[in-house]
Amino acid sequence: MRWSQALIPTLKETPADAVAPSHILLLRAGMIRRLGSGAYTYLPLGLRVLHKAIAIVRQEIDAAGALEILMPALQPIELWKESGRFDTFGDLLMQLKLSNQQHAALGPTHEEVVTDLARDLINTYRQLPITLYQIQTKFRDEPRPRFGVLRTREFVMKDAYSFGANVEQLSASYDAMFEAYCRTFDRCGLDYVIVEAESGPIGGDSSHEFMVPSDIGEDSVVQCLKCGYAANRERAEIGVIPKLDEKLGAETAAPPYEKVATPNRRTIEEVASFLKMKPDQTAKLLVYLADGRPVAALLRGDRTANEAKIRRAFAASTLVPADQETIERATGVPLGFLGPVAIKIPLLVDREIASMTQVVVGGGELDVHLRGVVPGRDFPLDDLRDLRDADSGDPCPKCGEKLELRQGIEIGHVFKLGTKYSKAMGATFLDEHGQAVPLIMGCYGIGANRILAAAVESGYDQNGIIWPFPLAPYTVLIAPLQVQNAEVLSAADTIAKALESAGIDYLIDDRELRPGVKFKDADLIGIPIRVVIGERGLKEGKIELKWRHKAEAETIPAESAAEAIIELVESTKKSHEAMCRSRIAERAAARSTATGN
RNA sequence: CGGGGCGUAGCGCAGUUUGGUUAGCGCGCCUGCCUUGGGAGCAGGAGGUCACCAGUUCGAAUCUGGUCGCCCCGACCA
């Protein structure tokens, strides 16, 4: 492609409403343009990257044995009512009225449609297992689109759905997708982390997220750098925190707790600052309705409750925070002054509380808190649980080392669904005994646009984007510096022709501009290999070769330049493929050790 | 949905507090000269419903009321 014929509207200045590096750079590099909030046009350069990412996804998902289909984005609302998600999806679902009063939705995901298809087409266990997928635009009425292409109202997703006759088939399909995702992201050249994710009432290892670490990532993940444990923050378990054994001797002699007046101080912040203490010296008592029954959880004041953990701890299938009226009716204590001493409803205590010698808690009556309360002495510690979100510095559940908390961009998610949709929508098959049984499903998503955002977030410098080799809009940028000079231009054209016939994609900057402008633009759009041809070098029979990610350029002989560049591209591809293969081997080895024996 | 900010040329901004010539500046764009290895220089030029609607006023980018749009923080995120 000749730059003079292309549409690459680079910007010298930073657009005012872009904040995230990927957003700023994709705009400045002329790859995207905003139409409205959360809606972006992909210009030629950006679209090429998107297409390269999609091509890799498609190859790997195909190779994993899934079958590509294309379902409508436009869906009858009845399907959503049938699955029960019309209510749970809420305002996120983009709805519209068609003629004839038809009520429709633009698909935010396709469990309903694919389950409808399956109940129609899958009749017998002999057709199972099967995995269907599509690559298609999804619609979600996001309350707050942000960070450019990272969170939009309309986005391209690869969504796959597996159907199995039993749990073994589900696991096999899940594992195949999991492996395909690893291969996909390895091939994209992304640095990703796989984390255990919260999977709802099913539990177990039935959900994983693929994350690219980034400060603008919207998900928090905890990671143990020692043993490799990684989990979504909501999911992460916390290792055992040592109890203070010695306190049994020392602290039983501590003075009894005292009541202090805390007029109208209800929140942890208010109480702590009023008593001139830190929030981590206090504890808070939270009240929930577990399957409708009021229950309480006690956490250190500065911690975040984890509702999924609390729900499981109370063996409940639903858990919602209790409202003020319910709390006061159930406990007889006004909101803001609840404490664990003499509480009237079932109480579970977070494990961490056992490591506190003294604590400030609510006094169980209006405008009163208790200071110097000793856990274990003043309230029981016999049922300790893990009830909170993991934090930086908490012990790893596997090895006890300190966990690190980081942000990440979710680029892929694999999930064992079970029979949630097949049961709700009557998607059954006949098993070996002629029994109609619900299909066992899994679902697997990859956000194509997020691959772009994540690649830029993890590959840029102050001059612009540094694309990973496999995703770059073009592999080689050829920059003849003096286009008026016939020798320079023909040297550039010679190289271009050679790349063309070698099947290597390139962009040739044939614009009649000053060299500085060309260099700035080249850095901005981030093409991996830059070939500079200038009058000066050409006189000495030399042209310049530079990697975008390296500071220094090298010179090579002009007459053999084309061959050298082709060789460089080929060897880079080969070493990347070799890296992907060795990752595959590593995972296979890890699996056989894990299955043990 | 709560809090904060913004809307003036393709992009970045000044002007608004205190109403008053023809609404400015930089970048980009067009023409010419000049220049040519890291966003050059000179000269000339095009480009504006000052987000929209209503009001106050002799007079509104500027004051008042309303509407819309966009960004950030939070809530939310199968």
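Basis for what follows: all heavy atoms, side chains included, without hydrogens, waters or symmetry-related copies. Note on naming: letters A, B, ... go to the chains in the order of the sequence lines (proteins, then strands), and numbering restarts at 1 for each one.
A:D159 and A:Q134 are linked by a side-chain donor-acceptor pair at a separation below 3.5 angstrom, with hydrogens and angles left out of the test. Side-chain contact check for A:E154 and A:T137: no donor-acceptor pair (N or O, by modelled atom type) lies under 3.5 Å. One side chain, A:H23 or A:Y40, offers a donor N or O that lies under 3.5 Å from an acceptor on the other. Using modelled atom types, one finds a donor on one side chain and an acceptor on the other under 3.5 Å when comparing A:Y174 with A:H208. Counting only N and O atoms by type, the side chains of A:E68 and A:Y133 include a donor and acceptor under 3.5 Å apart. Side chains of A:R85 and A:Y421: a donor-acceptor N/O pair is present below 3.5 angstrom, by distance only. Side-chain contact annotation: A:H110 with A:Q136, donor-acceptor N/O pair under 3.5 Å present. Inspection of the A:T326 and A:D323 side chains reveals an N or O donor paired with an N or O acceptor under 3.5 Å. A donor-acceptor contact closer than 3.5 angstrom links the side chains of A:K416 and A:S171.
A:R33 comes within contact range of no nucleotide atom at all, as no heavy-atom separation falls under 4.0 Å. As judged by a 4.0 angstrom heavy-atom cut-off over every strand, A:S37 is placed among residues touching the sugar-phosphate backbone only.
Each of A:I130, A:T115, A:L439, A:T109 was checked for a side chain to side chain contact (heavy atoms under 4.5 Å, CB included) with A:Y161, and the lone residue meeting it is A:T109.
Taking atom P on both B:C72 and B:G20, the two are 34 Å apart, rounded to the nearest angstrom. B:C70 sits 24 Å from B:G65 when the P atoms are compared, rounded to a whole Å. Here the separation of B:G47 from B:C73, taken at their C1' atoms, is 37 Å to the nearest Å. Here the separation of B:G41 from B:G26, taken at their P atoms, is 12 Å to the nearest Å. Separation of the C1' atoms belonging to B:C6 and B:G12 is 14 Å when rounded to the nearest angstrom. Only the C1' atoms considered, B:U31 is 37 Å distant from B:G69, to the nearest whole Å. Only the P atoms considered, B:U16 is 27 Å distant from B:U67, to the nearest whole Å. Here the separation of B:G66 from B:G59, taken at their P atoms, is 23 Å to the nearest Å.
Taking the six-membered ring for Trp and the full ring otherwise, the centers of A:F210 and A:F185 sit less than 6.0 Å from each other.
At whole-Å resolution of the value, CZ in A:R28 and P in B:G12 are 12 Å apart. Whole-Å rounding puts the A:L150 CG to B:C71 P distance at 13 Å. With rounding to whole Å, A:L11 atom CG is found 13 Å from B:G39 atom C1'. Rounded to whole Å, atom P of B:G10 lies 14 Å from atom CZ of A:R34.
Across all strands shown, B:C25 forms a Watson-Crick or G-U wobble pair with B:G12, both key distances being under 3.5 Å. Look at B:G55: its Watson-Crick or wobble partner, with both distances under 3.5 angstrom, is B:C63. Base pairing annotation: B:G19 forms no Watson-Crick or G-U wobble pair, as no partner gives both donor-acceptor distances under 3.5 Å. Under the Watson-Crick or G-U wobble criterion, with both distances below 3.5 Å, B:C68 is paired with B:G7. In this structure B:G74 sits in a base pair with B:C1, meeting the Watson-Crick or G-U test at under 3.5 Å. Shown here, B:G41 forms a base pair with B:C33; the pair counts as Watson-Crick or G-U wobble because both key distances fall under 3.5 Å.
Both A:T14 and A:H23 lie near RNA chain B, and the one whose nearest nucleotide falls closer to the 5' end is A:T14.
Under the side chain to side chain donor-acceptor pair (under 3.5 Å) criterion, the residue pairs touching residues 403-413 of chain A are A:S207-A:H413, A:S220-A:Q407, A:Q223-A:R406, A:E410-A:H413, with sequence neighbours excluded.
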Interface polar pairs with nucleotides 49-51 of chain B, N/O, under 3.5 angstrom:
none

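Legend: residues meeting side chain to side chain contact (heavy atoms under 4.5 Å, CB included) with A:P72, ordered by chain and number and at least two apart, are A:V113.
Scanning both residues, A:R530 and A:A522, for their nearest heavy atoms gives CD-CB, 4.0 Å.
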Nucleotide by nucleotide, nucleotides 23-38 of chain B touches protein heavy atoms under 4.0 Å in the pattern (B base, S sugar-phosphate only, - none) ---BSS------BBBB

Reading nucleotides 73-78 of chain B 5' to 3', which nucleotides get B (base under 4.0 Å from a protein heavy atom), which S (sugar-phosphate only), which -? BBBBBB

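The stretch residues 39-50 of chain A does not touch RNA chain B, since none of its heavy atoms comes less than 4.0 Å from the strand.
With A:R450 contributing its side chain and A:I409 its backbone, the two residues share no donor-acceptor pair below 3.5 Å.
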